[in-house]
Amino acid sequence: MQITYKTLEDISEIPRAITSIENSTDLFESIARDLKSRCKHIYMIGCGSSYYIAMLSSFPIHKTKLMYSYATPSSEFIMYHNKLEKDCCVIAFSRSGETAETLEALKKAKELGAYTVMVSISKSEKGMSIAEKYVYVDVGIERGVVMTKSFVTLSLTGLIISMMMVSGKEVIDLLRNSLNILSEYFTNVLNAKEIYINIGKEIALKNLKRFVFLGSGPSYPIALEASLKVKETSYTSTEALYSLEFRHGPIATLGEEQVITIFNQHDNSYSYVYKLYKELRERIKGLEKTSLFIRFSSRDIDDNTIELPKIDIEEFEALSAILPIQLIAVGYATTLGVNVDAPRNLVRFVEKF
Ligand SMILES: O=P(O)(O)OC[C@H]1O[C@](O)(CO)[C@@H](O)[C@@H]1O
């Protein structure tokens with residue numbers, strides 16, 4: 001049976017969204033230049049998926065140490081940040097531009113003397129009235145409640161602005177090339193989408209109801225987002241951990257019926273995470289029917305691996321795994337009978353807190 005969901009339509013528009021992002025690089029460059037001239041400390045905030053976008057986007061700055069970048073949920077910013085450094089800037093990510101905690105956090109940031117920026121795919125009057133700079137990325141509306149196309153769009157926008165802040169003009173060619181590779185990969189995944197939807201179906205038919213997502217560095221926010229995507233579409237118990245943290249306690253769950261997903265991107269973490277993957281696979285020999293392994297990587301492809309594109313920007317490689325995960329989540333949830341377009345209790349944005 002052909003599945004037609006708004007969420008799937010949103011996912012199918014991701015390559016087109018990347019074209020819009022490519023066409024906005026001049027805008028992103030001017031924003032990066034402006035931020036670079038004003039700030040030494042950057043806070044990136046958001047709620048839910050938008051907080052994970054903030055985490056991913058802060059990574060390129062964080063690793064250079066040229067400036068300080070911190071990612072924090074909007075709510076934590078409200079409750080725990082009563083003083084900010086000099087030359088501080090707060091960048092908020094929000095699909096709607098309307099989430100109550102994010103707007104409140106921006107107001108507070110402004111009062112504390114920070115320069116405030118909001119990045120959104122919506123033209124929110126509230127957001128525009130609070131943020132000093134409003135970055136609207138036009139990729140069309142998102143019809144589903146869960147963030148899919150918007151997650152990729154806002155992540156790429158944040159990453160591009162961050163990279164432009166800590167690099168020279170030479171980064172533009174690298175970014176364009178990487179966006180092309182990413183778009184081509186996503187198009188190929190979408191052309192073969194039944195493969196990924198069927199992985200989700202199979203997991204549901206095996207009755208596996210626990211998911212663990214392991215990621216390091218830029219893959220950690222992707223693990224968090226993957227975990228949230230499966231949780232909010234299927235109400236299943238999911239968790240995300242830093243990869244090697246699995247050995248420190250959670251390894252006791254090995255042998256339980258569960259799906260373990262490892263993001264093994266090609267950067268400093270590669271050999272450590274690959275070693276962990278091989279070790280875990282060895283330990284569950286004989287239990288493959290109930291302990292399913294999914295590995296995402298661009299290297300050492302084996303039967304458990306979903307191949308990622310080779311991209312020089314590690315954050316882009318990490319992000320590439322999200323589209324297959326979104327399709328797996330849709331296949332899993334719909335097989336369990338959940339309407340992924342309208343998950344229980346979930347609203348498009350939280351209006352009060
Ligand atoms: O990006 P926004 O619109 O601020 O929303 C953030 C979060 O709030 C929700 O829209 C609803 O809680 C989530 O889907 C999302 O992760």
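Keep in mind that the numbers below use all heavy atoms, side chains included, and drop hydrogens, waters and symmetry copies. Ligands are counted one by one from 1 in listed order, and the atoms in each one are counted from 1 as well. Predicted, not measured: the structure shown is a model, and the values here were computed from it.
Checking E279 against Y274 by side-chain atom types alone, no donor-acceptor pair falls below 3.5 Å. Inspection of the N207 and K209 side chains reveals an N or O donor paired with an N or O acceptor under 3.5 Å. With hydrogens and angles left out, the side-chain atoms of S237 and R210 include no donor and acceptor closer than 3.5 Å. Side-chain N/O atoms of S216 and S243 include a donor and acceptor closer than 3.5 Å.
Looking at V347 against ligand 1, only its backbone comes within 4.0 Å, counting heavy atoms. Residue M147 touches ligand 1 through its side chain alone, judged by heavy-atom distances below 4.0 Å.
When the heavy atoms of S74, A100, S96, S49 are ranked by distance to atom 3 (O) of ligand 1, first place goes to S96. Relative to atom 4 (O) of ligand 1, the option among L228, V146, T99, V350 with the closest non-hydrogen atom is T99.
Those atoms of ligand 1 that come under 4.0 Å of a heavy atom in G48, given as number and element, are 16 (O). Close approach to S94 involves these atoms of ligand 1, each under 4.0 Å from a residue heavy atom: 1 (O), 2 (P), 3 (O), 4 (O). Short contacts between ligand 1 and R95, defined as distances under 4.0 Å to a heavy atom of the residue, involve ligand atoms 1 (O), 2 (P), 3 (O), 10 (O). The atoms of ligand 1 that sit less than 4.0 Å from any heavy atom of R348 are 9 (C), 10 (O), 11 (C).
Within 6.0 Å of NZ in K110 there are more than 12 heavy atoms belonging to other residues, nucleotides or ligands.
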